[in-house]
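Convention: sequence-line order gives letters A, B, ...; per-chain numbering from 1.
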There are 2 protein chains.
Amino acid sequence: MVGIDDVAAAAGVSTATVSRALRGLPRVSPATRSKILATANELGYVPSSAASRLASGKTRTVGVLAPYVDRWFFGKAIAGVDHELHGRGYNLSLFNLGGRSAPRERLFSRAMVHKQIDALLLLCMYLHPEEIEDLHAIDMPLVVVGGPVEGIATVGIDDYRAAKTITEHLIHLGHRHIALLHGSDDLELNFSVPKIRVEGFHDAVHEAGLELGPDAVFFGNFTVASGVEAMRRFMALPEPRPTAMVCASDEMALGVLFEARRQGLRVPEDFSVVGIDGHEIGASAGLTTVWQDPTAQARRGTRMLLAELAGEAGAVHSEMAEQRLIVRETTAAPPAF
Amino acid sequence: MVGIDDVAAAAGVSTATVSRALRGLPRVSPATRSKILATANELGYVPSSAASRLASGKTRTVGVLAPYVDRWFFGKAIAGVDHELHGRGYNLSLFNLGGRSAPRERLFSRAMVHKQIDALLLLCMYLHPEEIEDLHAIDMPLVVVGGPVEGIATVGIDDYRAAKTITEHLIHLGHRHIALLHGSDDLELNFSVPKIRVEGFHDAVHEAGLELGPDAVFFGNFTVASGVEAMRRFMALPEPRPTAMVCASDEMALGVLFEARRQGLRVPEDFSVVGIDGHEIGASAGLTTVWQDPTAQARRGTRMLLAELAGEAGAVHSEMAEQRLIVRETTAAPPAF
DNA sequence: TTGAAAGCGCTAACAC
DNA sequence: GTGTTAGCGCTTTCAA
């Protein structure tokens, strides 16, 4: 295995010079630099990351903690992180918490995360109070993407406004009796996001002077299947039923849409459905939604982390992400309107 | 920062003994071991991975190369790798190739992959001939999940049989004029998978003594949107049109399904659609498909890698994964039947 | 069963 | 602009 001193010897310089030259540091003459580059290339030299980590104390790796990797928001976000990292020579170390909060270890203080990464990007998830404590204790740049965590810099949309916007869209269309399908609190995927979205929904309804029957609230777990399930329960309701449903995610909305049509409801003529997210499949299915871009959010968060690592103190800070109402084909005025 | 010799000093033993004790190696008396464990814990000792990597030459990290991370198959697979890795103390280093083949560097020989990982898991993707060469050159356990790569151990379904099975299902229902939507070859996502699936389709059609008009073949890029697009082109065909369509992925099939219904076709009464994959959204939409489990495939591949690293020579080998026809609600006999 | 000591292959002062 | 040198914090012979 060719090491740095092989290169040094071959180029007739010292290892220190090789190190500087290869890392693009100043204080190397152009001539020596190009010579070193050439011989390094010729010898097929690849620096040992282990050695440079040990010597420099930097890992050039950022950790990504996610509750799921095979769900829309998280997949999109991870793609964004990766995009920013690679190309700048940083590595991405992925830690999947597996969603369920109970059996997971206290990762933040464990060897896995600790000492293996220079910075940490957390994807929106439920956190135990003691985990949040651990989080505050780790001494490295840290940002969360997707939802607010107490006292930690966050990049994400305004969930309250998203829910309110989409609900108001329905109200403007003339709906007076609107159902809600939200992510259950006891499901550990999220934390405050579901709750905040529910508040936006409630406020929109109340500000319009409408009432919300307790039979109009359904629970799901953000999956399509849970949307289907919720719609089955909805159809079991005695008439007159709500004429529209607000879903806390596009995936659930899709399930609702499928099941509604399966049961013979015409959407949007008989029944309107909306989601939140901007899922591609929702787009193709014609789902009205509030769009957001998890990839862009993750890229923003990653760039903050990198800037902080580059010495730019205060680079990491909370920032609101873009969102947009997209009206498509699953919303219309209610039937009797 | 507490290091190994702090622990050694506190426990009254040598660093060598601490090292052995903490890694569970033999030749440490139970008494010393438990004492060391206790003091290490007490001191909050966390070994420096950089140092142990350098000293041992092992990174305890496996690399995952994927063309996309935000697509169904890949997200599921990455989740599977993660599941096997963490808990055994291994890390997962993710490399996203970004799908497009042209502008990507020759990663395999680059510093990123090289010397940073102990083993490599490749997710089904298109590879340039020279990349395959690089692959053969790297000296570490290697497995690909999702599709055959020349001369490399692979875990995945029999794509030929999947396509043939799903096509025969349609033929048995009475369809005589079947369209195909397959992943384009010039789209760099895949490599042989699209082609193999096409062959299975063709063979099923020909063995049934049916013909395949050239107007019956559509191209997509595995996305839902491309399914929608293909269906628009299909509807522009003069009648009589094919009575069913085989799609090379569930996502495309979903797009086809949405657009078919949008255009007023009744599915399955007027038109049948099938996919391949077992996507959850397809399940909720009632899509007939050939199911596969990317997570299980990735777990299998990861376990092989780990076994090989544990010294079990020959642990890495090609293996066929499970698949199953799932008939749901998008297939029926053709209209005039 | 345990300890001493020599690296692993770089980086970072500091001197020249 | 370049070289010398002392670590970085472990693992791993080899002795004891």
Side-chain angles (χ1 to χ4, degrees), chain A residues 1-40 43-61 89 91 111-112 114-118 309-311, chain B residues 1-37 39-40 43-61 89 91 111-112 114-118 309 311:
Chain A
M1 198 86 272
V2 30
I4 196 172
D5 14 50
D6 296 312
V7 178
V13 295
S14 71
T15 62
T17 306
V18 174
S19 178
R20 289 186 209 108
L22 260 26
R23 286 182 298 151
L25 296 185
R27 303 177 165 215
V28 179
S29 76
T32 4
R33 188 186 302 276
S34 66
K35 176 169 195 178
I36 290 173
L37 255 35
T39 62
L43 266 46
Y45 170 66
V46 177
S48 152
S49 67
S52 82
R53 283 177 187 214
L54 180 56
S56 70
K58 276 101 172 55
T59 64
R60 292 194 74 82
T61 297
N91 281 123
M112 299 198 120
H114 214 47
K115 293 192 175 176
Q116 310 242 60
I117 57 180
D118 293 339
L309 287 176
Chain B
M1 197 84 275
V2 30
I4 197 173
D5 15 48
D6 296 312
V7 179
V13 295
S14 72
T15 62
T17 306
V18 174
S19 179
R20 289 185 208 109
L22 259 27
R23 287 181 299 150
L25 297 185
R27 302 178 164 215
V28 180
S29 76
T32 356
R33 188 186 302 276
S34 66
K35 175 168 193 178
I36 290 173
L37 254 35
T39 62
L43 267 46
Y45 170 66
V46 177
S48 151
S49 67
S52 81
R53 284 178 186 211
L54 180 56
S56 70
K58 276 100 173 54
T59 64
R60 290 195 75 81
T61 297
N91 281 124
M112 299 199 119
H114 214 48
K115 290 193 177 174
Q116 309 241 61
I117 58 180
D118 293 338
L309 287 176

Problem set entry | Closest contact, heavy atoms only, L37(B) versus A21(B) | CD1-O, 4.3 Å

For this session: Could you pull out the closest heavy-atom pair between S48(B) and L54(A), with the gap in Å?
Result: OG-CD1, 4.4 Å

All side chain to side chain donor-acceptor pair (under 3.5 Å) counterparts of [X], not counting sequence neighbours:
{"X": "S19(A)", "answer": "R23(A)"}
{"X": "T61(B)", "answer": "R53(B)"}
{"X": "S14(B)", "answer": "T17(B)"}
{"X": "T59(A)", "answer": "D118(A)"}

Exercise. If you look at every strand shown and take non-hydrogen atoms under 4.0 Å, does S49(B) touch a base, only sugar-phosphate, or nothing?
Worked result: nothing

Hey, could you give me the [atom1]/[atom2] distance between [X] and [Y], rounded to the nearest 0.5 Å?
{"X": "D6(A)", "Y": "T39(A)", "atom1": "CG", "atom2": "OG1", "answer": "10.5 Å"}
{"X": "S49(B)", "Y": "R60(B)", "atom1": "OG", "atom2": "CZ", "answer": "11.5 Å"}
{"X": "K58(A)", "Y": "I117(A)", "atom1": "NZ", "atom2": "CD1", "answer": "13.5 Å"}

Exercise. Is any side-chain heavy atom of L22(A) less than 4.5 Å from a side-chain heavy atom of Y45(A)?
Worked result: yes

Exercise. Mind checking whether N91(A) and Q116(B) have side chains closer than 4.5 Å, heavy atoms only?
Worked result: yes

Mind checking what makes side chain to side chain contact (heavy atoms under 4.5 Å, CB included) contact with [X], not counting sequence neighbours?
{"X": "S29(A)", "value": "A31(A), T32(A)"}
{"X": "A10(B)", "value": "L43(B)"}
{"X": "A55(B)", "value": "none"}

Seminar exercise, completed: Result for 5'-nearest mapping on DNA chain C, choosing between L54(B) and P30(B), is P30(B)

Problem set entry | Strand-adjacent residues in residues 11-19 of chain B, judged by heavy atoms under 4.0 Å from DNA chain D | A16(B), S19(B)

Problem set entry | Step-by-step side chain to side chain contact (heavy atoms under 4.5 Å, CB included) determination, R20(B) to R33(B) | CA-CA 9 Å; R20(B) 289 185 208 109; R33(B) 188 186 302 276; over 6 Å; no

Problem set entry | Span of DNA chain C in contact with chain B (heavy atoms, under 4.0 Å) | dT1(C) to dG9(C)

Seminar exercise, completed: Axis-to-axis angle for the helix from dT1(C)-dA16(D) to dC16(C)-dG1(D), ends of five pairs each, to 10°, equals 20°

For this session: Would you jot down, in residue-number order, the residues of residues 20-29 of chain B having a non-hydrogen atom under 4.0 Å from DNA chain C?
Result: R20(B), R27(B), V28(B), S29(B)

Exercise. For DNA chain D, which nucleotides open and close the run of contacts to chain A, 5' to 3', at under 4.0 angstrom from a non-hydrogen atom?
Worked result: dG1(D) to dG9(D)

